[in-house]
Amino acid sequence: MQNITPESTVGDIVRAAPARARIFEALGIDYCCGGKKSLAEAARARNYDPATVIALLAAQTQEPGLGTADPDRMGLAELCDHIESVHHAYLREELPRLDFMTRKVAAVHGDHEPRLLEVRQVFAAFNAEVSAHTQEEEAAIFPVIRRLEAATADKAAVAGGLKAALDQLETEHDSAGAALVRLKDLTDNYTPPEWACNTFRALYHGLAQLEARMHQHVHQENNVLFPKVLAAA
Ligand SMILES: [Fe+2]
Ligand SMILES: [Fe+2]
């Protein structure tokens, strides 16, 4: 994408230059599940002038310290490998830690701050859903995508049922996104109160990171991988 216009979709804008996700994160614009919205629509929904947002995006093309991975240039199998080794591996390591911390902080401080009890409930449901979801991708969906890329003939036969499966994954991404919005709300945008102990602070820091990482992950599936799969089928 050479020029960003008000009609460009926010998903395509990040797809062309992943570093721009930082701008959308900072402005609270959803570029993953909401990736099909135009920039003008997404900016106005957050009370920003689209021209100002375009100027910010145009200035942000380099991602400091995040390597050179550019999912848009990857083939299907390479992209599945990237998502598994970067995003799924992160979740496998981080979700048990956050599970422990949400349980502990709710048990210790839930009387004083009852919203922590709901943080625990929302996280537990998110954890169960997202763990089952990534397992389904790795066991059932990504193997078909790899076979689709390797197939030399009759790609349509390999891809049978894939469109419906991707639609289902997108629905599950929406559900995970809604849980993250709820967590952000319940935690005052991940801001611990003055009296919070270290575990409490570490939990909010971890949840904020989880949100940013999930946005990248869902963006790379909804707006990069899935359109490439449908184009190849
Ligand atoms: Fe995934
Ligand atoms: Fe997914």
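The basis for the numbers below is simple: all heavy atoms, side chains too, and nothing from hydrogens, waters or symmetry mates. Indexing begins at 1, ligand by ligand and atom by atom, following the structure's order.
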Closer than 3.5 angstrom, by distance alone: can the side chain of Asp30 be matched with the main-chain N or O of Cys32 as a donor-acceptor pair?
yes
Going from CD1 on Ile141 to CD on Glu221, what distance comes out if it is rounded to the nearest 0.5 angstrom?
10.5 Å
Which of the N/O/S atoms in Glu137 sits closest to the Fe ion (ligand 2)?
OE2
Any N/O/S atom, backbone or side chain, of His87 lying under 2.8 Å from the Fe ion (ligand 1)?
no
Looking only at N, O or S atoms in His133, which is nearest to the Fe ion (ligand 2)?
NE2
For the aromatic rings, using the six-membered ring if either is Trp, is the centroid distance between His205 and Tyr190 under 6.0 Å?
no
Would you say the side-chain atoms of Lys228 pair up with the backbone N or O of Met74, donor to acceptor, closer than 3.5 Å?
yes
Decide, counting backbone as well as side-chain atoms, whether Glu172 has an N, O or S atom less than 2.8 Å from the Fe ion (ligand 2).
no
Would you mind naming the N, O or S atom of Glu221 nearest to the Fe ion (ligand 1)?
OE2
I'd like to know if the side chain of Tyr90 reaches the main chain of Met214, judged simply by a donor and an acceptor atom lying under 3.5 Å from each other, with no hydrogens or angles considered.
no
Is there an N/O/S atom in His173 that lies less than 2.8 Å from the Fe ion (ligand 2)?
yes
